[in-house]
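A short worksheet on the structure shown next.
Counting starts at 1 for both ligands and their atoms, following the listed order. Sequence positions, counted from 1, serve as the residue numbers for this chain.
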Amino acid sequence: MSTNPTDRVIPTWFITGANRGLGAAIARAALRAGFNVVAAARRPASVEAALGGDHAGKLFAVALDVTDAAQVRQAVDGALARFGRIDVLVNNAGYGQLGPFEEIADEAIRTQFDTNVFGLMQVTRAVLPTMRAQRAGQIFNISSVGGLAGFAGASVYCASKFAVQGFSASLAPELAPFGIRVTSVSPGFFRTDFLDNSSIRYGDQGVADYADASSALRSQYDGYSHQQAGDPDKLADALLAVAADPRPTVHFVVGADAMDITRQELDRVQADIATWADTSAATAHA
Ligand SMILES: NC(=O)c1ccc[n+]([C@@H]2O[C@H](COP(=O)([O-])OP(=O)(O)OC[C@H]3O[C@@H](n4cnc5c(N)ncnc54)[C@H](OP(=O)(O)O)[C@@H]3O)[C@@H](O)[C@H]2O)c1
């Protein structure tokens, strides 16, 4: 698939959560590259504020809460009516449900999965028939370094992002025969609204044993909010480079922190395999 704007067909990028943070940065980068952009957001009016005017007809804002099946259908239909194709899907919409597991209500866990996992699958399902018909496409599923390694105080968020990893890694070979590439994107800490009160959620079922850990977690993340090292505009440019590269990429681990944490986690997995290798290998039927 070519994402080169000088080719006859102008590629169309469909981006969820495109009104702020990483989604808005990716939308801006795609517009700068001359691509068509479907900027999907719960509040489409906020897209113009984030991305500016109509960009010579190349920007199309659509209403989309990824947990709303009817809206997913309408947004994809609207995108196809406007541009006729979808070349790149960026499943970016999401948020972090943090806090010790026991402090998080079941309903809050389900809501986390409804957005980060089932919403992402729903949008993917709506876009795939078009990509299969095109015999071309690129899907970026925005996971997290928390989808490759676990963190205390982030069990629910990490569980949702591990789900995105498993989904992406399995979908990649399933869709390869149709010329569709799937990449899970695992950012470290990037400077967006992710850690501020407009996005992040903490458990509200206080458990005395976790009180100290809980308040330490909050002040750590409050202090880091809008100070993160990662630059969303640079992540966006990197994503455009991955999309344009002929080598299909299943895992894009993005940011020096994300690479360090992932390498350490891979070393831990290797070490655990080595420790238990004999016991593990002896578990087959004779
Ligand atoms: N920033 C980081 O450090 C970091 C690291 C790893 C992974 N990520 C992932 O990157 C993605 C983007 O996060 P961000 O850092 O850009 O955070 P952000 O600035 O808080 O933006 C989050 C975006 O997701 C949208 N969103 C949330 N729930 C939605 C829903 N149900 N339907 C549609 N849109 C929804 C928000 O829309 P509203 O404006 O309507 O709330 C907003 O546009 C997330 O999936 C996040 O988990 C971020």
### Message
Pairing donors with acceptors under 3.5 angstrom, does anything connect the side chains of Ser199 and Arg20?
### Response
yes
Just jot down the ligand 1 atoms closer than 4.0 angstrom to any heavy atom of [X], in number order.
{"X": "Gly188", "result": "2 (C), 3 (O), 4 (C), 5 (C), 6 (C)"}
{"X": "Gly21", "result": "16 (O), 19 (O)"}
{"X": "Arg43", "result": "38 (P), 39 (O), 40 (O)"}
{"X": "Ile142", "result": "9 (C), 10 (O), 11 (C)"}
{"X": "Asp65", "result": "30 (C), 31 (N), 32 (N), 33 (C)"}
{"X": "Ser199", "result": "18 (P), 20 (O)"}
{"X": "Leu64", "result": "32 (N), 33 (C)"}
{"X": "Phe189", "result": "3 (O)"}

Could you identify the single nearest non-hydrogen protein atom to [atom] and state the distance to 0.1 Å?
{"atom": "atom 29 (C) of ligand 1", "value": "Arg42 CZ, 3.5 Å"}
{"atom": "atom 22 (C) of ligand 1", "value": "Gly94 O, 3.6 Å"}
{"atom": "atom 21 (O) of ligand 1", "value": "Arg20 CG, 4.0 Å"}
{"atom": "atom 14 (P) of ligand 1", "value": "Thr192 OG1, 3.4 Å"}
{"atom": "atom 3 (O) of ligand 1", "value": "Phe190 N, 2.8 Å"}

Should [X] be counted as touching ligand 1, given the test is an N or O pair under 3.5 Å?
{"X": "Val66", "result": "yes"}
{"X": "Tyr157", "result": "yes"}
{"X": "Thr67", "result": "no"}
{"X": "Leu22", "result": "yes"}
{"X": "Asn92", "result": "yes"}
{"X": "Asn19", "result": "yes"}
{"X": "Ala18", "result": "no"}

Donor-acceptor contacts under 3.5 Å from residues 228-235 side chains, at least two apart:
from, atom 1, to, atom 2, distance (Å)
Gln228, OE1, His226, N, 2.8
Gln228, NE2, Phe190, O, 3.4
Asp231, OD1, Asp233, N, 2.8

Could you tell me the separation between the [atom1] atom of [X] and the [atom2] atom of [Y], rounded to the nearest 0.5 Å?
{"X": "Ile15", "Y": "Leu31", "atom1": "CD1", "atom2": "CG", "value": "7.5 Å"}
{"X": "Phe151", "Y": "Ile261", "atom1": "CZ", "atom2": "CD1", "value": "4.0 Å"}
{"X": "Met121", "Y": "Phe113", "atom1": "CE", "atom2": "CZ", "value": "9.5 Å"}
{"X": "Thr16", "Y": "Asn91", "atom1": "OG1", "atom2": "CG", "value": "5.0 Å"}

### Query
side-chain hydrogen bond (donor to acceptor under 3.5 Å, both in side chains) with Ser186: which of Lys161, His251, Gln165?
Gln165
### Query
Testing Ser144, Ser160, Ser143 for side-chain hydrogen bond (donor to acceptor under 3.5 Å, both in side chains) with Asn116, which one passes?
Ser160
### Task
For the pair Glu107 and Arg110, find out whether any cationic side-chain nitrogen is under 4.0 Å from an anionic carboxylate oxygen.
no
### Task
Give a yes/no on ligand 1: does Arg191 have at least one heavy atom closer than 4.0 angstrom to it?
no
### Query
Within less than 4.0 angstrom of ligand 1, does Ser198 place any heavy atom?
no
### Message
Classify the ring geometry of Tyr224 against Phe189: parallel below 30°, tilted from 30° to 60°, perpendicular beyond 60°.
### Response
perpendicular
### Task
Report the relative orientation of the aromatic rings in Tyr157 and Phe194; use parallel for angles under 30°, tilted for 30 to 60°, perpendicular for over 60°.
tilted
### Query
Quick one: are Asn19 and Arg43 in side-chain contact, heavy atoms under 4.5 Å?
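In contact.
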### Query
Looking only at heavy atoms, is any part of Ser143 under 4.0 Å from ligand 1, and if so is it the side chain, the backbone, or both, or is it neither?
backbone
### Task
For Gln112 and Gln97, indicate whether the former's side chain and the latter's backbone hold a donor-acceptor pair under 3.5 Å.
yes
### Message
Could you check whether any side-chain N or O of Asp68 sits under 3.5 Å from a backbone N or O of Gln71, counting only pairs where one atom can act as donor and the other as acceptor?
### Response
yes
